[in-house]
Amino acid sequence: MHGTRILQEADRLMTVCNSCRYCEGLCAVFPAMEMRRAFSDGDLNYLANLCHACGACYTDCQFSPPHEFNVNVPKTLAVARAESYAAYAWPRAFAGAFARNGLFISLIAALSVAAFIFGFAAINDPGVLYGIHTGPGAFYKLMPHNAMALLFGAALLYAILALMMGVRAFWRAIGEPIGMKTDPKSLLQAMRDAGELRYLDGGGVGCFNEDDHPTDRRKLYHHFTFYGFALCFAATCVGTLYHYLLAREAPYAWWDLPVVLGTLGGIGLVVGPIGLLSEKWKSDPVLVDEQQMGMDTAFILMLFLTSISGLALLLWRESAAMGPLLALHLGVVFALFITMPYGKFVHGIYRFVALVRYARERQMMAE
């Protein structure tokens, strides 16, 4: 017996697939499945997060609907994957609320923080809201750097703690292989597989989304989003070093490294999320977990709003619009931080952990 109905169904499908093995060359799920004859809840959550939802196994399967076996691996694992986010979330009390009302909570949080920053500035100096501020330290006319760092540092540290606790619970549930913690080879292989999105290609032909014609669009938009996020994170890190090590205050010149990295990342986080939202709206309902569309959309939308508000701030930072744009951008960033541990952001982390486990298993089988 399994903890949930969907894990019971996933067990049934994996048993059928283990008897067939026609799809073993499509992705990592099926070779990992073949290493098992029985499936615990942790095994099934591991396989669910190893799945990249390319849809190839559904298209190729001789037992997919309307066959009486009713084998639909992508959708079943998508539901199991979403349930795993809540199962391992920390604190557990928050997981359900965000899953049901992700977009609403994200937008309310963003607007609330923006309003708080607006009110903070208005109480201290109403004229600063629409004033034109230029040069180093201009952003801190609206809110002092220390107050800004305390507010957003606390939100980021909370997000990191919650993510670490969730990953710890997931890692324990899937059963870490012996020797995993001291095996850099598996870690490097997983980094390569994740960086290349190796298994989002339907076994080499592309991803199936709205019809039976595979494309690489989802893979491309995922790359724009991931590397755009990485560049924005790098820009933040470099800006922090500038501030504390070089005593240089934001905003920086257009040619400075934090601005260059942030601009390139921001462009990636505009192109990628727009593409992903487009592909999501075109998805064949038979392949996706429609109940999770809300939180999925919320995360993608928050990434888009973060980038578009940041780019707008860059363009109009020397105008009277700087104050409102900065307040809005900071509000969106805060909302992104506090929702990260409970939405689609965790799928990338859990999938990476699953890839590490898979790389280690393959290595152990080869030894």
Side-chain angles (χ1 to χ4, degrees), residues 10 14 17-18 21 23-54 56-57 73 77 80-81 84-85 87-88 90 160-207 216 218-220 222-231 233-234 237 268 340-341 344-367:
M14 292 298 96
C17 293
N18 225 346
R21 300 194 175 187
C23 296
E24 65 180 4
L26 294 180
C27 71
V29 171
F30 299 100
M33 171 200 72
E34 292 171 11
M35 297 177 192
R36 294 159 171 79
R37 295 296 178 268
F39 304 96
S40 66
D41 285 3
D43 288 332
L44 294 169
N45 284 326
Y46 160 55
L47 295 176
N49 282 279
L50 200 57
C51 172
H52 285 53
C54 72
C57 60
V73 172
L77 294 189
R81 192 162 54 246
S84 75
Y85 304 156
Y88 303 119
W90 183 91
I160 292 173
L161 174 63
L163 287 168
M164 289 177 60
M165 295 296 289
V167 169
R168 177 172 174 265
F170 176 64
W171 184 246
R172 287 183 168 183
I174 67 176
E176 62 181 77
I178 297 173
M180 183 62 257
K181 294 179 180 178
T182 58
D183 181 39
K185 185 176 179 180
S186 299
L187 183 62
L188 290 173
Q189 182 62 53
M191 291 173 65
R192 179 179 178 181
D193 292 342
E196 296 176 355
L197 286 177
R198 177 179 176 183
Y199 298 111
L200 192 61
D201 64 357
V205 297
C207 183
D216 285 327
R218 282 186 64 221
K219 189 173 185 178
L220 176 65
H222 271 87
H223 277 308
F224 269 109
T225 303
F226 174 77
Y227 290 108
F229 184 87
L231 286 170
F233 181 74
C237 293
M340 280 197 306
K344 194 61 181 286
F345 180 82
V346 300
H347 91 284
I349 300 177
Y350 284 14
R351 185 162 289 159
F352 175 74
V353 171
L355 285 169
V356 173
R357 171 69 190 268
Y358 177 64
R360 179 57 179 156
E361 284 186 344
R362 290 183 64 188
Q363 184 178 328
M364 292 172 68
M365 290 293 291
E367 291 174 351

Going through the distances and angles, do Leu197 and Phe226 end up as a side-chain contact (heavy atoms from CB on, under 4.5 Å)? CA-CA 10 Å; Leu197 286 177; Phe226 174 77; over 6 Å; no

So [Y] and [X], do their side chains get closer than 4.5 Å, heavy atoms only?
{"X": "Phe345", "Y": "Leu163", "value": "yes"}
{"X": "Tyr358", "Y": "Ser186", "value": "no"}
{"X": "Asp201", "Y": "Cys207", "value": "no"}
{"X": "Phe352", "Y": "Leu187", "value": "yes"}

Please test Val353 against Asn49 for side-chain contact (heavy atoms from CB on, under 4.5 Å), starting from the C-alpha separation and ending with a verdict. CA-CA 9 Å; Val353 171; Asn49 282 279; over 6 Å; no

How about [atom1] on [X], more than 12 heavy atoms from neighbouring residues, nucleotides or ligands closer than 6.0 Å, or not?
{"X": "Met35", "atom1": "CE", "value": "yes"}
{"X": "Phe224", "atom1": "CZ", "value": "no"}
{"X": "Arg192", "atom1": "CZ", "value": "no"}

[X] side, atom [atom1]; [Y] side, atom [atom2] - distance, nearest 0.5 Å:
{"X": "Ile174", "Y": "Leu47", "atom1": "CD1", "atom2": "CG", "answer": "9.5 Å"}
{"X": "Arg198", "Y": "Lys219", "atom1": "CZ", "atom2": "NZ", "answer": "10.0 Å"}
{"X": "Met191", "Y": "Leu355", "atom1": "CE", "atom2": "CG", "answer": "12.0 Å"}
{"X": "Asn18", "Y": "Glu24", "atom1": "CG", "atom2": "CD", "answer": "10.0 Å"}
{"X": "Asn45", "Y": "Ser40", "atom1": "CG", "atom2": "OG", "answer": "8.5 Å"}
{"X": "Asp43", "Y": "Arg357", "atom1": "CG", "atom2": "CZ", "answer": "7.0 Å"}

Criterion side-chain contact (heavy atoms from CB on, under 4.5 Å) on Leu44 and Met14, from CA distance to verdict: CA-CA 9 Å; Leu44 294 169; Met14 292 298 96; 4.0 Å; yes

Checking [X] now: which residues fulfil ring-ring contact (aromatic ring centres under 6.0 Å, His included) with it, not counting sequence neighbours?
{"X": "Tyr85", "answer": "none"}
{"X": "Tyr88", "answer": "Phe170"}
{"X": "Tyr199", "answer": "His52"}

Taking all atoms of both residues into account, what is the closest heavy-atom pair of [X] and [Y], and its distance?
{"X": "Met340", "Y": "Val346", "answer": "O-CG1, 3.4 Å"}
{"X": "Ala162", "Y": "Trp90", "answer": "CB-O, 3.3 Å"}
{"X": "Arg81", "Y": "Ala48", "answer": "NH1-O, 2.8 Å"}

Given Arg168 and Trp171, is the side-chain contact (heavy atoms from CB on, under 4.5 Å) satisfied, shown in steps? CA-CA 5 Å; Arg168 177 172 174 265; Trp171 184 246; 5.8 Å; no

So that I know where these two stand, are Tyr227 and His223 an aromatic pair - ring centroids less than 6.0 Å apart?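 Yes; His223 has its ring centre under 6.0 Å from that of Tyr227.
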
Check whether the side chains of Tyr46 and Glu361 place a donor and an acceptor atom closer than 3.5 Å, and report yes or no.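 On atom types as modelled, these side chains qualify, holding a pair under 3.5 Å.
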
